[in-house]
Amino acid sequence: MRTRSLVLLAVVALGLAALAAWALGQRAGEAPASTGEALPGFAARIEALERVEVRGAGDSLLVSLLRRGDGWEVEQYPGWPANQREISRALFRLGEARRIEAKTDNPALHPRLGVEDVSRAEAKGAELRFVGGGEPLGLVVGINHPGLGGSYVRVAGEDASWLIDADLSPARDPVAWLDRRLVDLPLARTERVRIQPASGRAFSLVRDGEGFIVQGAPAGRTLDAQATATAALPEQLALDGLAQDDGHEASQRHVYETVDGLRLEIASWQDAGGTWARLSLTLDEEVATAWFNQAGEDAEPADKRLQQLRDQVQEWQGRFEGRRFLLPSHKAANLLASRADHLAPG
């Protein structure tokens, strides 16, 4: 009885070993076992890259980044600076990304992970293509793992797919790769805002201590929060889009005047896409000089500070020239406020 049991156990053990070997063989047939860099050889050539593309379904070009000297430019928006820091971080993350789990090498199963070839019209993923420093490289980036994080990827031209330890999903809108900073005019420098709304009477907001009031309004009638929000609009103002100036007539104008002579005009209008604006900046040098002359002895010389302002105006005006800008809706709402909107019911 004991001998028979030992024989049965041996048969079962052999069967399990055979089953395990078969399963491993099947796994090896589905995906490679080695791990390593998400995109082999990429880290060593980051500094030599000349072009980066994001391509989507139908092999459509969504975004193209071009090396310009020491930085990058978004080809879809020539002349406007790209977000150099975020692009550098994205390239560094890819160079550091590692494969953590082999997935299917069956092309029929690639759509489940979003790593099918982007030449397919129904492709869900995006392909990052890199030119410069060697042979062109491509990495198809699919969906993210719902629990572990990280992206499913596949090196273009290969069947093997992988789960990697980083989220590499690239932005498909060129605007997302831009430096979105439009202008930054601190509220502390603003002294007056002259407003010609789309309808109704023109009015001005003037500084009153730390806040702003509607000039000429009865005491206590100004809605402080609204007046301050309107006056603070150019502070850290970002863009949601930009395009060539098409000469569209503005519906309302806001002119921001600072204590040191800057004059920023925001001429805006609305269409189906949102609120667009045309910006221009000038400098009243007499006001600037008078302001600088009030500074203490420890301040920089007035002529040096005046030149710094001239340089700032030239830089900003160069960026504004010939362009219109789509403003974030939460900022743009303040451009639509009439004089009555700035006052409490009387």
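Predicted model, so just to flag it, every value in this text is computed and none were measured.
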Residue pair Thr104 / Asn106, side-chain donor-acceptor N/O under 3.5 Å: no
Members besides Trp269 in its Ile/Leu/Val/Met/Phe/Trp/Tyr cluster (side-chain heavy atoms under 4.5 Å): Trp276, Leu326
Distance alone, cut at 3.5 Å: any donor-acceptor contact between the side chains of Gln76 and Ser64? yes
In short, Trp316 meets Asp184 closest at the heavy-atom pair CH2-O, 3.4 Å
Answer yes or no: is there a side-chain heavy-atom contact under 4.5 Å between Tyr256 and Leu262? no
Are any non-hydrogen side-chain atoms of Arg55 and Leu61 less than 4.5 angstrom apart? yes
Evaluate the criterion side chain to side chain contact (heavy atoms under 4.5 Å, CB included) for residue pair Phe212 and Thr222; output intermediate values, then yes/no. CA-CA 8 Å; Phe212 284 78; Thr222 299; over 6 Å; no
Is it the case that Asp311 and Gln307 place a side-chain donor and acceptor less than 3.5 Å from each other? yes
Minimum side-chain heavy-atom gap Pro174-Tyr77 below 4.5 Å: yes
Distance in Å, Leu39 CG paired with Phe130 CZ, rounded so as to fall on 0.5 Å steps: 6.5 Å
For the residue pair Ala57 and Ala123, what are the closest heavy atoms and their distance? CB-O, 3.5 Å
Heavy atoms of other groups near Gln84 CD, more than 12 under 6.0 Å: yes
Hey, what do you get for CG (Leu137) to CD (Glu127), rounding to the nearest 0.5 Å? 10.5 Å
Please identify each residue that fulfils salt bridge (Lys or Arg N to Asp or Glu O under 4.0 Å) with Arg93, with sequence neighbours left out. none
Look at Arg180 together with Asp240 and state whether they make a salt bridge at an N to O cut-off of under 4.0 Å. yes
For Val175 and Gly241, which heavy atoms make the closest approach, and how far apart are they? CG2-CA, 4.1 Å
Rounded to the nearest 0.5 Å, how far apart are CG of Asp260 and CZ of Arg189? 4.0 Å
Is Val118 reachable from Leu168 through a run of hydrophobic residues whose side-chain heavy atoms are each under 4.5 Å from the next? no
Among all residues two or more places apart in sequence or in another chain, which pass the salt bridge (Lys or Arg N to Asp or Glu O under 4.0 Å) test with Asp165? none
Salt bridge (Lys or Arg N to Asp or Glu O under 4.0 Å) partners for Arg310, two or more places apart: Glu285
Indicate yes or no: does Arg263 engage Asp284 in a salt bridge with an N to O separation below 4.0 Å. no
I want to check something: taking the side chain as every heavy atom from C-beta on, are His145 and Glu101 in contact at a cut-off of under 4.5 Å? no
In terms of heavy-atom contacts, does CD of Glu286 have more than 12 from other residues, nucleotides or ligands at under 6.0 Å? no
Should side-chain heavy atoms under 4.5 Å link Ile, Leu, Val, Met, Phe, Trp and Tyr, which residues sit in the same cluster as Val206? Ile213
Taking the side chain as everything from C-beta on, heavy atoms only, tell me whether Leu113 gets closer than 4.5 Å to Lys103. yes
Salt bridge (Lys or Arg N to Asp or Glu O under 4.0 Å) filter on Arg207, not counting sequence neighbours, yields none
Nearest heavy-atom pair of Leu309 and Ala288: which atoms, and what distance? CD1-CB, 4.1 Å
More than 12 heavy atoms of other residues, nucleotides or ligands under 6.0 Å from CZ of Arg112: is that the case? no
Search all heavy atoms of Glu300 against all heavy atoms of Lys304 and return the closest pair with its distance. OE2-NZ, 3.6 Å
Please give me the minimum heavy-atom distance between Ala231 and Leu205, naming the atom from each residue. N-CD1, 4.4 Å
Salt bridge present between Arg120 and Glu116 (N-O < 4.0 angstrom): no
Looking just at side-chain N and O atoms, do Gln308 and Gln312 make a donor-acceptor pair shorter than 3.5 Å? no
Look up atom OG1 in Thr190 and atom CD in Glu235, then write down how far apart they are to the nearest 0.5 Å. 8.0 Å
Within the 4.5 Å heavy-atom criterion, are Pro107 and Asp117 side-chain neighbours or not? no
Can you confirm whether the side chains of Ser268 and Gln252 place a donor and an acceptor under 3.5 Å from each other? yes
Distance in Å, Leu279 CG paired with Ile266 CD1, rounded so as to fall on 0.5 Å steps: 5.0 Å
The reported gap from CG in Leu237 to CG in Leu327 (rounded to nearest 0.5 angstrom) is 5.5 Å
